[in-house]
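Everything below concerns the one structure shown next.
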2 protein chains.
Amino acid sequence: MQNQFRCSCPCTSALDIVGDKWTLVIIKDMILLNNRTFKDFSESDEAIATNILSSRLKMLLEYEIIRKEKLPDNKQKNIYILTQKGLNLTPVIIDLIIWSDGNLRENHSTLLPTAQLDSVKNDKESFISMLIENYKKRNWKR
Amino acid sequence: MQNQFRCSCPCTSALDIVGDKWTLVIIKDMILLNNRTFKDFSESDEAIATNILSSRLKMLLEYEIIRKEKLPDNKQKNIYILTQKGLNLTPVIIDLIIWSDGNLRENHSTLLPTAQLDSVKNDKESFISMLIENYKKRNWKR
DNA sequence: AAAATTGCTTGCATATTGAAAGTAAGTTTT
DNA sequence: AAAACTTACTTTCAATATGCAAGCAATTTT
C-alpha cells in the first residue's frame with residue numbers, strides 16, 4: 001500500500017479506502033447476506049471478477065476491516081469476517097440504501113423495494129445496532 | 001451513460017453512481033465548503049484533475065444530483081448547485097466522516113479532528129437537517 | 001482413485017485516471 | 001480599446017485499474 005491518503009479530510013480519507021465500485025458491495029454482502037467465503041462473493045449478483053475480489057479482500061485485511069479464518073473441520077475454505085472497524089461501516093451502507101430507495105427510481109425502474117424501510121428510517125440507530133449484533137452472534141466466536 | 005446498473009440491489013445501484021474516489025468528494029465540498037464554481041473544485045485540497053472534474057460534473061447533471069446556473073452579473077462563471085436529490089446524500093457524507101474519525105486514526109496520523117463530532121453523533125438527524133437547510137438558504141433562489 | 005470444489009493467480013484487452021498543456025470566451029486592468 | 005488575466009473547460013498521452021477467461025494447486029467429495 002503506497003501513499004494512501006490524498007489529504008487530511010476525514011470524508012476524503014474514508015473514500016481513499018472505500019471509494020470504489022466494489023469495496024462497499026463486498027461489505028454489504030457480508031452484513032446483509034452473510035457472505036463469508038471467496039465463493040460466496042464470486043457468486044454474488046454483482047458478478048465481481050475474481051482478481052478484483054482477491055485484491056479487495058487483501059486490501060480490507062491490511063486495513064483490518066475484515067479478518068481471515070478457517071473453520072476447524074475444513075482446510076480448504078477461508079472464512080472472511082468483518083471486524084468492529086468493518087461493522088462500523090454499516091451506517092454508510094444503510095444510508096446508501098435509503099438514498100437509492102428514495103432518489104434513484106426514476107433512473108432505475110427495476111430497483112428492488114426494501115422491506116420495511118419506513119420503519120428502518122424511523123429508528124435507524126436501532127436497526128443498525130440490530131444488524132451489527134446479529135452479525136456478531138452469527139460470526140464472532142466467543 | 002451506457003448500461004448504468006449492475007443489478008437491482010439499492011446499495012449496489014447507489015455505488016454505480018457515487019462509488020468512486022471523486023463523486024462524493026465533490027458533493028462533500030459543496031455541502032461543507034459551499035464550493036460552487038469549476039474553479040472552487042479545481043483548487044480544493046484534493047487536487048482533482050480538471051478532466052475528471054468535468055466528467056463528474058456532467059454525470060451529476062445527467063442524474064440531476066446537481067444543476068448548473070449562471071449569476072445574472074457574470075456570463076463566464078458557471079454555478080453548480082446541489083438539488084434535493086444531491087442534498088439527500090448528506091447522511092452518507094456524515095457517516096463517512098464519523099467512520100474515519102473513529103476508525104482511521106491508526107492508519108492516518110494527520111487526519112483532521114472534526115469539531116463537535118460527539119454532539120453531531122448525539123443528534124445526527126438534526127445536524128444533517130441543519131446542513132441541508134443552511135445549504136438551501138445560501139444557494140437556492142426563491 | 002477420480003472427479004469436483006475452493007481459492008486463488010496469470011495474461012491480456014479495454015477502460016479509467018491523472019498530469020500537463022492548450023483553447024475559447026468572458027472579465028478586468030491599463 | 002488593447003492587453004492581460006480569469007474561468008471553464010478539452011485534448012493528449014502515459015500510467016493504472018478493471019474485466020474476462022483460463023489456469024492451477026490444494027483440499028474435499030464421490
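Residue numbers start from 1 in every chain, and the chains themselves are labelled A, B, ... in the order their sequence lines are given, proteins ahead of strands.
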Rounded to whole Å, how long is the line connecting atom [atom1] of [X] with atom [atom2] of [N]?
X: Lys58(B); N: dT17(C); atom1: NZ; atom2: P; value: 14 Å
X: Lys68(B); N: dA8(D); atom1: NZ; atom2: P; value: 9 Å
X: Met59(B); N: dA15(C); atom1: CE; atom2: P; value: 18 Å
X: Asn78(B); N: dT10(D); atom1: CG; atom2: P; value: 11 Å
X: Asp20(A); N: dT17(C); atom1: CG; atom2: C1'; value: 14 Å
X: Asp73(A); N: dT5(C); atom1: CG; atom2: P; value: 18 Å
X: Asn74(A); N: dG7(C); atom1: CG; atom2: P; value: 8 Å
X: Leu57(B); N: dT7(D); atom1: CG; atom2: C1'; value: 13 Å

Looking for any heavy atom pair under 4.0 Å, which part of the strands does [X] touch: base, sugar-phosphate only, or nothing?
X: Ser55(B); value: nothing
X: Thr37(A); value: sugar-phosphate
X: Lys70(A); value: nothing

Just by distance, do the side chain of [X] and the backbone of [Y] share a donor-acceptor pair under 3.5 Å?
X: Arg105(A); Y: Thr110(A); result: no
X: Lys39(B); Y: Lys77(B); result: no
X: Ser100(A); Y: Ile97(A); result: no

### Query
dT9(C), dG26(C), dT7(D): which one has an atom nearest the side-chain heavy atoms of Lys39(B)?
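Ranking dT9(C), dG26(C), dT7(D) by closest atom to the Lys39(B) side chain puts dT7(D) first.
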### Message
Checking contacts here: which listed nucleotide (dT17(C), dA8(D), dT9(C)) is nearest the side-chain heavy atoms of Ile52(B)?
### Response
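Of the options given, the side chain of Ile52(B) lies nearest dT17(C).
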### Query
Would Val120(A) end up clustered with Leu33(A) when hydrophobic side chains under 4.5 Å apart are linked, directly or stepwise?
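No, Val120(A) does not connect to Leu33(A) through the hydrophobic network.
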### Query
For dC8(C), does either OP1 or OP2 sit under 4.0 Å from a side-chain N or O belonging to Ser54(A)?
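No, Ser54(A) has no side-chain N/O under 4.0 Å of OP1/OP2 on dC8(C).
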#### Entry: Phosphate OP1/OP2 of dG19(D): any Trp22(A) side-chain N/O under 4.0 Å
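Yes, such a contact exists.
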#### Entry: Qualifying ring pair (Phe, Tyr, Trp, His ring centres under 6.0 Å) pairs with a residue from residues 105-132 of chain B, counting only residues at least two apart or across chains
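Sorted pair list: Phe5(A)-His108(B).
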### Query
Among Asn88(A), Leu60(A), Ile26(A), which one satisfies side-chain contact (heavy atoms from CB on, under 4.5 Å) with Ile65(A)?
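That would be Leu60(A).
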### Summary
The side-chain hydrogen bond (donor to acceptor under 3.5 Å, both in side chains) partners of Thr37(B) (sequence neighbours excluded) come to Asp40(B)
### Query
Does a side-chain N-to-carboxylate-O contact under 4.0 Å join Arg36(B) and Glu69(B)?
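No, Arg36(B) and Glu69(B) are not salt-bridged.
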### DNA chain D: 5'-proximal contact among Arg56(A) and Tyr80(B) (nearest heavy atom)
Tyr80(B)
### Query
Mapping Lys77(A) and Ile48(A) to their closest nucleotides on DNA chain D, which lands nearer the 5' end?
Ile48(A)
### Message
Using only modelled atom types and a 3.5 angstrom limit, is any donor from either the side chain of Gln76(A) or the base of dT28(D) paired with an acceptor on the other?
### Response
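Checked by distance alone, the answer is no.
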Protein N or O to nucleotides 19-23 of chain C N or O, pairs below 3.5 Å:
| unit_1 | atom_1 | unit_2 | atom_2 | d |
| --- | --- | --- | --- | --- |
| dA19(C) | N6 | Asn51(B) | ND2 | 2.7 |

